[in-house]
There are 2 protein chains.
Amino acid sequence: MKSATRPYHHGNLRQELLRAAEAALEARGVQQLSLRELSRELGVSHASPQRHFPTKQDLLNALATAGFQRFDSIAAKAAAASGQNFHARLTKVALAHLGFALKHPALLALMFEAKRQPAMPPELLTALHAAFSHIPRILKEGQDAGKIVPGDPYRLALTIGAVVQGLVAISIDGKIKGDSLKVIVPEILGHVLNGLGTSKLKA
Amino acid sequence: MKSATRPYHHGNLRQELLRAAEAALEARGVQQLSLRELSRELGVSHASPQRHFPTKQDLLNALATAGFQRFDSIAAKAAAASGQNFHARLTKVALAHLGFALKHPALLALMFEAKRQPAMPPELLTALHAAFSHIPRILKEGQDAGKIVPGDPYRLALTIGAVVQGLVAISIDGKIKGDSLKVIVPEILGHVLNGLGTSKLKA
DNA sequence: ACCTGAACACCGTTCAAGT
DNA sequence: ACCTGAACACCGTTCAAGT
């Protein structure tokens, strides 16, 4: 112990609240997440979060925003390969998405809940757009290379986004068991990508 | 007014609680749903729900179960056509699913939340299985007729289920605007069903 | 069997006051 | 600027008691 005196200012309360909140979120669910409990856990007064997060929803939004940012950096890495095998690249991004979902199921659920808010904070919107930019970008590249059917890439991305988000729901629900994910997901995506690829267009 | 005397027994409290709860759910969200508020609305004491729903979660589970039952009857109607055009029948079931989602978004979200419960009540499980039985059944028929790729129909159904559930998420989020749903959904499903149809298998 | 009223242990949020 | 302590208006749940 470096010092026996704890300062009046916590100094790092905002960060610690986010960290503790995410742990509690995954452990006990959003429903059970309580600001007062977090305060107790961190040894501060129950009113102290208010300076950093005026309302509980502000904490949840901050959690969702940070989630989208982490999600973006993972997806960006998966999308980074610049080869011409668009099928493989799209599959990698989808698997990254799914990996995040299985590691942080409650956080991802919170992120999608946050999307449904009437008035979304601008940082959340920005983080969200960044996180969902990779699939349309790859599709666009695929179209330019003549390997993906023509059409608005954002619209085509909905197809893949829908499948992936649906797979997330199904995976988290435990309908797909553990390791078989690595088999089933490429198979399912294969069906979908077959429908998007030009090679099958006029069969 | 038939009678000025209100009986001590409400007589229909269970039903009325479910009705009022669903209305409040769609109007204000799960987060804001309060048993005490429902009791006030129905003019009963705040402790009266307990006899019918020992805990708040029991009310939510009953709501989810009723939701799956309604959902099942709608999906059953959509699946009823017995023609050989499996593509069209699957699209009909998917559109029925999506229609339900757009009409009762909060209820459907609750239904999928309920699926994530550690200990699911048996009636909920039964209702859920019934609701999700139609797509595998049609796929099986399609396989028997040689129009759908071989493989476990439940596994293939995951593909369609994933797409539909993903479309639900996207539609509710308002990323697809109103009427264009009728155009976009068959288009997206077309991509997926192309991937499942035998006619494109060896292109 | 079904409902009431009081009680208990929690919440989120506000606000004057302290450092 | 950041945190505290008391206060306010809510919750869900329990339980003896009423009908």
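Every chain is numbered from 1, with letters handed out A, B, ... down the list of sequences. Everything quoted here is computed from the prediction, not taken from an experiment.
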Could you tell me the separation between the [atom1] atom of [X] and the [atom2] atom of [N], rounded to a whole number of Å?
X: B:R51; N: D:dT14; atom1: CZ; atom2: C1'; value: 12 Å
X: B:L13; N: C:dA1; atom1: CG; atom2: C1'; value: 13 Å
X: A:L59; N: C:dT13; atom1: CG; atom2: C1'; value: 14 Å
X: A:L33; N: C:dG12; atom1: CG; atom2: C1'; value: 12 Å
X: B:Q32; N: D:dC10; atom1: CD; atom2: P; value: 13 Å
X: A:R14; N: D:dC3; atom1: CZ; atom2: P; value: 12 Å
X: B:H46; N: C:dA6; atom1: NE2; atom2: C1'; value: 8 Å
X: A:D58; N: C:dG12; atom1: CG; atom2: C1'; value: 12 Å

Q: Would you please test A:R51 and A:R14 for side chain to side chain contact (heavy atoms under 4.5 Å, CB included) and show each step?
A: CA-CA 9 Å; A:R51 184 74 33 170; A:R14 203 196 129 92; over 6 Å; no
Q | Heavy-atom donor-acceptor pair, A:E26 side chain to A:L107 backbone, under 3.5 Å | A |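 A pair under 3.5 Å: yes.
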Q. Ignoring hydrogens and geometry, is there a side-chain-to-backbone donor-acceptor pair from B:K147 to B:H87 under 3.5 Å?
A.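 Judged by distance alone, no pair lies under 3.5 Å.
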I want to verify a distance call: between [options], whose nearest atom is closest to the [X] side chain?
X: A:L35; options: D:dC11, C:dC3, C:dG12; answer: C:dG12
X: A:Q50; options: D:dG5, C:dT13, D:dC11; answer: C:dT13
X: A:A47; options: C:dT4, C:dC10, C:dT14; answer: C:dT14
X: B:K56; options: C:dT4, D:dG12, D:dA6; answer: D:dG12

Q) With side chains defined as the heavy atoms from C-beta onward, is the minimum distance between A:L35 and A:L17 less than 4.5 Å? A)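 Sidechains of A:L17 and A:L35: no contact.
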Regarding [X], tell me which of base, sugar-phosphate or nothing describes its non-hydrogen contacts under 4.0 Å with the strands shown.
X: A:S34; answer: sugar-phosphate
X: B:R40; answer: sugar-phosphate
X: B:L42; answer: nothing

Would you say [X] places a side-chain N or O within less than 4.0 Å of OP1 or OP2 belonging to [N]?
X: A:S45; N: D:dT4; result: yes
X: B:R36; N: C:dC11; result: no
X: A:T55; N: C:dG12; result: no

Q | D:dA1 base / A:H52 side chain donor-acceptor hit below 3.5 Å | A | no
Q. Is D:dA6 paired to anything, Watson-Crick or G-U wobble with both distances less than 3.5 Å, and if yes, which nucleotide?
A.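 Across all strands, the one nucleotide that pairs with D:dA6 is C:dT14.
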**Q.** Pair partner, D:dT19 [Watson-Crick or wobble, under 3.5 Å]
**A.**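 Paired with C:dA1.
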Q: Classify the angle between the aromatic ring planes of A:F132 and A:F112 as parallel (below 30°), tilted (30 to 60°) or perpendicular (above 60°).
A: tilted
Q.
Within the supplied structure, the quantity of interest is the number of heavy atoms (other residues, nucleotides, ligands) at a distance under 6.0 Å from B:Q57 CD; does it exceed 12?
A.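 For B:Q57, atom CD is crowded (more than 12 foreign heavy atoms under 6.0 Å).
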